[in-house]
Amino acid sequence: MGQIAGGSVLSLRTYLERMQGAGTFEKVLSRMAPEEAAPLRGILMPIAWYPTLSFVRALHAAEAMLHDAELYERYGSFAAEYEINAFQRFLLKFTSPTYLLDRAGRMWRRFHDSGEWQVEGDARKMKGTLRNFAVVDARYCRVVTAWIHRAGQMTGARGEVAHPACRARGGDACVFEGWWT
């Protein structure tokens, strides 16, 4: 069903506990089906792999528990900051959002064992197409959209990101388009 890297799970735990306090991640897990929560319990390892579906269900449980309609966008932005280290941020100032997203698309396999990215564009616009991702979930696409938007901002550019096609809405692939100034 697909696996996600522990670093992503750790970013979610860190986000929830910074926003709501220690123990919040465990409270979220307690709201999930036991078989889905079990892999996310205990010591999380950044280099270990966890079920993508459990991760997505944890996001849904957090949204329901916190009554936060913008959780996916807030977390996606946080995850970009969390996953892109300080040295990489310095280098980003010398690149374009499209360059960054092309590199991120190639690095996708470090975080997910399913899905393939195709990124095209120039310094001011990009189109990223994600095919064959293990989980079809429109709310998770909101996380990806926010991640792309924040990562683009980290290059020093201002812009927007749209998600015009989604497998959850019947599309063949998830398409993300960004434009920057």
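Computation of the quantities below employed the complete heavy-atom set of this structure, encompassing side-chain atoms and omitting hydrogens, waters and symmetry-equivalent molecules. In this chain, numbering begins with 1 at the start of the sequence shown.
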### Query
Is K125 salt-bridged to E177, cutoff N-O under 4.0 Å?
no
### Query
Any sub-3.5 Å donor-acceptor pair from R169's side-chain atoms to P164's backbone N or O?
yes
### Message
Please tell me whether Y140 and H60 have a donor and an acceptor in their side chains that are separated by less than 3.5 angstrom.
### Response
no
#### Entry: Distance (rounded to the nearest 0.5 Å) between L130 CG and H163 NE2
9.0 Å
#### Entry: Salt bridge E120-K127, side-chain N to carboxylate O under 4.0 Å
no
### Query
Where do F78 and S11 come nearest, in terms of heavy atoms and distance?
CE2-O, 3.4 Å
### Query
Any ion pair linking D68 and R74 (charged N to carboxylate O, less than 4.0 Å)?
yes
### Task
Of all the heavy-atom pairs spanning S54 and P39, show the shortest one and how long it is.
OG-CG, 4.0 Å
### Approximate separation, where rounding is to 0.5 Å, of L59 CG and D137 CG
8.5 Å
#### Entry: Aromatic ring proximity, centroids under 6.0 angstrom, Y72 and W147
no
### Message
Let's go through F111 and W49 carefully: what are the C-alpha distance in whole Å and the side-chain angles of both, what is the deciding distance for ring pair (Phe, Tyr, Trp, His ring centres under 6.0 Å) to 0.1 Å, and is it a yes or a no?
### Response
CA-CA 9 Å; F111 297 95; W49 290 90; 8.6 Å; no
### M126 side, atom CE; F176 side, atom CZ - distance, nearest 0.5 Å
8.0 Å
### Message
With side chain to side chain contact (heavy atoms under 4.5 Å, CB included) as the criterion, how do Q153 and R158 come out once you've worked through the C-alpha distance, each side chain's angles and the decisive distance to 0.1 Å?
### Response
CA-CA 6 Å; Q153 288 177 328; R158 281 186 255 153; over 6 Å; no
#### Entry: Under-4.0 Å salt bridge between R142 and E73
yes
### Message
Taking CZ in R131 as the centre, count heavy atoms belonging to other residues, nucleotides or ligands within less than 6.0 Å. Is the count above 12?
### Response
no
### Task
Drop me the distance from L12's CG to F25's CZ, to the nearest 0.5 angstrom.
5.5 Å
### side chain to side chain contact (heavy atoms under 4.5 Å, CB included) evaluation trace for M45 with Y50
CA-CA 10 Å; M45 303 296 293; Y50 300 90; 4.0 Å; yes
